[in-house]
2 protein chains.
Amino acid sequence: MKVSKGTDYALHAMAYLVSQNGKRDKLPVQELAGKLDVSSTYLSKILARLVKQKYIVATSGAKGGYSLPADWEDISVYDIIVAIDGELTLFEDSFNHGDECKIQRLMMEVEADMIEGFKKKSVEELI
Amino acid sequence: MKVSKGTDYALHAMAYLVSQNGKRDKLPVQELAGKLDVSSTYLSKILARLVKQKYIVATSGAKGGYSLPADWEDISVYDIIVAIDGELTLFEDSFNHGDECKIQRLMMEVEADMIEGFKKKSVEELI
DNA sequence: TTATTATAGACTCATAATATCCATAATTAG
DNA sequence: CTAATTATGGATATTATGAGTCTATAATAA
Ligand code: SF4
Ligand code: SF4
């Protein structure tokens with residue numbers, strides 16, 4: 001029951017981007033990977049998913065790199081987690097014996113609270 | 001970010017034990033495995049862990065099987081999860097850059113809420 | 001045109017969850 | 001006592017997935 005390393009990296013990368021916001025315009029993956037102590041090719045893969053969801057902006061070419069989009073303050077920790085790990089669910093119901101099942105409902109409740117918790121956290125709070 | 005199948009089985013087994021409490025005294029693993037549609041040898045392994053934590057009672061020999069302990073009403077869903085999956089943590093911090101780290105604190109908060117959520121759920125509520 | 005940067009796909013590797021098998025111990029019925 | 005039934009423990013196999021690498025390609029600035 002863990003957040004994946006990929007999400008871990010993504011959150012840290014976001015945190016760093018946020019921390020540098022205003023000071024620097026674009027950060028190449030090399031620099032980010034250096035900060036996070038992870039291979040740059042791997043981090044590329046992770047960040048590509050954030051780009052696809054528009055949570056960061058990528059610029060190819062010399063002097064390019066990653067930066068935050070205009071609406072970055074709206075991005076939540078939940079958004080990042082889902083972008084990397086996919087929709088988060090605590091419980092995979094193999095059968096679904098109907099709506100009234102207590103086990104299912106119980107898990108859903110805790111799950112919903114967790115999702116709420118992550119949604120309430122903006123990436124702005126990461127630094 | 002999922003509860004393991006093992007925990008899933010354990011919760012369902014507990015639910016069944018609770019539902020049969022009073023009516024039947026001991027349920028052999030064969031019967032439980034049949035109900036859950038899982039191999040009995042595998043379920044044995046799972047239940048053995050619950051036995052070790054005293055969340056269920058095992059009786060060897062003919063007419064034996066699994067039953068609930070005297071204090072079964074105190075058992076929480078959290079207890080079961082931990083017994084099978086181990087202590088649950090959302091976040092593995094590879095570095096721990098100090099107490100003031102926001103990322104860490106944020107994850108811990110959501111994690112603590114989740115744990116609270118599971119602790120509040122008694123296995124009694126499973127049926 | 002060249003250097004620099006991101007993207008995409010195929011691929012490998014490591015690890016843990018899942019599951020099976022079998023031998024052994026405990027208990028009861030007869 | 002013996003045979004049948006039940007749980008336990010260890011070894012092992014299988015599978016799935018996360019984690020990570022490599023390489024070719026596209027885009028962009030200088
Ligand atoms: S008993 Fe409930 S949780 Fe379990 S498989 Fe059926 S519907 Fe799902
Ligand atoms: S930045 Fe915070 S969460 Fe990340 S490794 Fe350091 S202490 Fe842990």
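Computed from a predicted model, the values in this text were never measured in an experiment. Residue numbering restarts at 1 for every chain, and letters A, B, ... go by the order of the sequence lines.
With hydrogens and angles ignored, the 3.5 Å screen pairs a side-chain donor or acceptor of A:Asp79 with a backbone N or O of A:Ser76.
Protein atom CD of A:Gln30 is 9 Å distant from nucleotide atom C1' of C:dT5, rounded to whole Å. Residue A:Ile56 contributes atom CD1, which lies 12 Å from atom C1' of C:dT7 at whole-angstrom precision. At whole-Å resolution of the value, CD in A:Glu31 and C1' in C:dA6 are 15 Å apart.
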Kindly list each side-chain donor-acceptor pair under 3.5 angstrom involving residues 117-127 of chain B, sequence neighbours excluded, with atom names and distances?
{"unit_1": "B:Lys121", "atom_1": "NZ", "unit_2": "A:Glu109", "atom_2": "OE1", "d": "2.5"}
{"unit_1": "B:Ser122", "atom_1": "OG", "unit_2": "B:Glu124", "atom_2": "N", "d": "2.8"}
{"unit_1": "B:Glu125", "atom_1": "OE2", "unit_2": "B:Ser122", "atom_2": "N", "d": "3.0"}

Side chains of residues 9-23 of chain A: which donor-acceptor pairs under 3.5 Å do they make with residues two or more places apart or in other chains?
{"unit_1": "A:His12", "atom_1": "ND1", "unit_2": "A:Asp8", "atom_2": "O", "d": "2.9"}
{"unit_1": "A:His12", "atom_1": "ND1", "unit_2": "A:Asp8", "atom_2": "OD1", "d": "2.8"}
{"unit_1": "A:Tyr16", "atom_1": "OH", "unit_2": "A:Glu31", "atom_2": "OE2", "d": "3.3"}
{"unit_1": "A:Ser19", "atom_1": "OG", "unit_2": "A:Tyr16", "atom_2": "O", "d": "2.7"}
{"unit_1": "A:Lys23", "atom_1": "NZ", "unit_2": "A:Ser19", "atom_2": "O", "d": "3.2"}

Acceptor/donor pairs from residues 40-51 of chain B side chains to any protein atom, 3.5 angstrom cut, sequence neighbours excluded:
{"unit_1": "B:Thr41", "atom_1": "OG1", "unit_2": "B:Ser39", "atom_2": "OG", "d": "3.4"}
{"unit_1": "B:Ser44", "atom_1": "OG", "unit_2": "B:Ser40", "atom_2": "O", "d": "3.0"}
{"unit_1": "B:Arg49", "atom_1": "NH1", "unit_2": "B:Ile84", "atom_2": "O", "d": "2.6"}

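One hydrophobic cluster, built from ILVMFWY side chains closer than 4.5 Å, cannot hold both B:Ile115 and B:Met108; they sit in different ones. Taking hydrophobic clusters as Ile, Leu, Val, Met, Phe, Trp and Tyr residues chained together by side-chain heavy-atom distances below 4.5 Å, A:Val57 does not share a cluster with A:Leu32.
Residues of residues 74-84 of chain B that place a heavy atom closer than 4.0 Å to DNA chain C do not occur.
Shortest non-hydrogen contact noted between B:Val3 and A:Met1 is CG2-CE, 3.8 Å.
Using a 4.5 Å heavy-atom cutoff, the side chains of A:Phe91 and A:Ile103 are in contact.
Distance check: A:Glu73 CD to A:Leu68 CG gives 9.5 Å after rounding to the nearest 0.5 Å.
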Strictly under 4.0 angstrom, non-hydrogen atoms only: write out the protein contact profile of nucleotides 14-30 of chain C, one letter per nucleotide from the 5' end, B, S or -.
----SBB-----BBS--
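Of all nucleotides in DNA chain D having an atom under 4.0 Å from a heavy atom of chain A, the first and last in 5' to 3' order are D:dA19 to D:dA29.
Every pair passing side-chain hydrogen bond (donor to acceptor under 3.5 Å, both in side chains) that includes a residue from residues 82-106 of chain A is listed here, sequence neighbours excluded: A:Ser4-A:Asp85, A:Thr7-A:Asp85, A:Tyr78-A:Glu87, A:Thr89-B:Lys2, A:Asp93-A:Gln104. Annotation: ring-ring contact (aromatic ring centres under 6.0 Å, His included) contacts involving residues 45-66 of chain B, sequence neighbours excluded, are absent.
Residues forming a side chain to side chain contact (heavy atoms under 4.5 Å, CB included) with A:Asp71 (at least two apart in sequence, or on another chain): A:Pro69, A:Asp74.
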Determine, stepwise, if the pair A:Met114 / B:Leu90 fulfils side chain to side chain contact (heavy atoms under 4.5 Å, CB included).
CA-CA 11 Å; A:Met114 184 178 68; B:Leu90 283 179; 4.2 Å; yes
State the dot-bracket string of DNA chain D. Criteria: Watson-Crick or G-U wobble, both atom distances under 3.5 angstrom; notation: ( ) intrastrand, [ ] crossing earlier pairs, | interstrand, . unpaired.
||||||||||||||||||||||||||||||
